[in-house]
Enquirer: 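Dumping the structure here so I can ask a few things about it.
Whatever order the structure lists them in is the order used to number ligands and atoms, beginning at 1.
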Amino acid sequence: MNKNIISQLPTDTTVKTHVDLCDYTTFKLGGPCRALIDCKTPDALGRTAALLVKSDFDFIVIGQGSNLLVSDEGLPCVVLRFCSEDKPHVEFDGSRIRVSGNTLLDDLARLSVEHGLGDISYCSGIPGTVGGAIAGNAGAFGQQIGDVIKSVRLMELNGAIREVTADELAFEYRSSVLKQTGAVVLDAVLKVKRCDVQIMTAERERILELRSSKHPDWKTMPCAGSVFRNIEPTSAAERRQAAGWFLEEAGVKNFHVGGAHLFEKHANIIIAEPDSSAADVYQLTEKMIGAVKEKFGFSLVREIKLLGNF
Ligand SMILES: Cc1cc2nc3c(=O)[nH]c(=O)nc-3n(C[C@H](O)[C@H](O)[C@H](O)COP(=O)(O)OP(=O)(O)OC[C@H]3O[C@@H](n4cnc5c(N)ncnc54)[C@H](O)[C@@H]3O)c2cc1C
């Protein structure tokens, strides 16, 4: 990336030109990219994207990198990082919440509980940003963020900005239209209900405890949550079935490739030890897919997003 472009970047951005993406993913894996530009506000993200479009630079947008497997050889494009780990950007107005896409989802859950607004305590402890959560319709315990979205301000990949309603985002299980279009969430308005602060505080604590007893702490055990999507029901009467159950039945619990192995409490979570590579993780997912296919005759679908060549 040349100095001329760097000098035109908005002031509320920081740019790094020699950077490995392993420092920006919860798997702690991933090779170099052309440049990494940290965009601190929706406006900075919009203006940076417009500049890159005008200058013919390919780019992608990431949040906290908690749902990504980036290849060891890295990416031949610029990466825009839209993740505010130290400062949530949330405004409360009656039963509405306006939140910036770079706010951490757990910060949104905590602040909503403190304001007695909106039962989104099920988001407590889920890593990642609000933007990443909306793109993938993140959730837990049968509820998901798409249920409370009223509108979203989007940036299309050509830099154009427009506001859309929740209907236009076509939320589905762990998916939205943004997964196909690649449009970026700048900020969103949630419509929520008033809740009792004490009840919700207790509920948030219960969920955080439950998660810490069942999920790895990604800060000490690099991972990206569930690797595969749960299995869609074949009729309206059935419920979605846990991919973890099929994996356990297929006998994958002791599978490993290089430094990548399965989390002892959950067969759908891969832990990447410090000596592992993204290729190890990818090969392990292939082995897991193969085992389930052999035993049950269907192929699991990855929930984590692969970036780069595998
Ligand atoms: C320990 C652990 C537990 C987890 N538990 C859960 C869980 O219970 N439920 C759940 O749903 N997920 C869970 N996850 C997965 C992950 O936290 C979510 O998918 C999260 O929403 C990803 O957000 P992110 O900011 O990290 O996105 P990234 O991983 O950075 O990106 C993921 C995708 O979202 C896109 N994206 C990122 N930001 C934006 C934006 N502003 N606008 C549009 N697209 C964007 C990226 O381009 C990419 O395609 C877990 C992960 C970990 C590590």
Enquirer: Salt-bridge test for Asp106 and Arg211: reply yes if a basic N is under 4.0 Å from a carboxylate O, no otherwise.
Expert: no

Enquirer: Do Thr129 and Asn102 have side-chain atoms, one donor and one acceptor, less than 3.5 Å apart?
Expert: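 Their side chains do not contain a donor-acceptor pair, so the 3.5 Å distance test is not met.
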
Enquirer: Are Gln241 and Asn230 close enough that a side-chain donor and a side-chain acceptor fall under 3.5 Å?
Expert: no

Enquirer: Any idea which residues sit under 4.0 Å from ligand 1, heavy-atom distances?
Expert: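 Protein residues near ligand 1 are Thr26, Val61, Ile62, Gly63, Gln64, Gly65, Ser66, Asn67, Leu68, Phe82, Ile126, Pro127, Gly128, Thr129, Gly131, Gly132, Ala133, Ala135, Ala138, Gly139, Arg174, Ala183, Val184, Val185, Arg211, Pro216, Cys223, Ala224, Gly225, Lys305.
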
Enquirer: Of the non-hydrogen atoms in Leu80 and Phe59, which two are nearest, and what is the gap between them?
Expert: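 The pair with the smallest heavy-atom distance is CD1-CD1, 3.7 Å.
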
Enquirer: Any ion pair linking Asp93 and Arg96 (charged N to carboxylate O, less than 4.0 Å)?
Expert: no

Enquirer: Can you confirm whether more than 12 heavy atoms, excluding those of His256, are under 6.0 Å from its NE2 atom?
Expert: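 Not buried by this count: 12 neighbours or fewer within 6.0 Å.
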
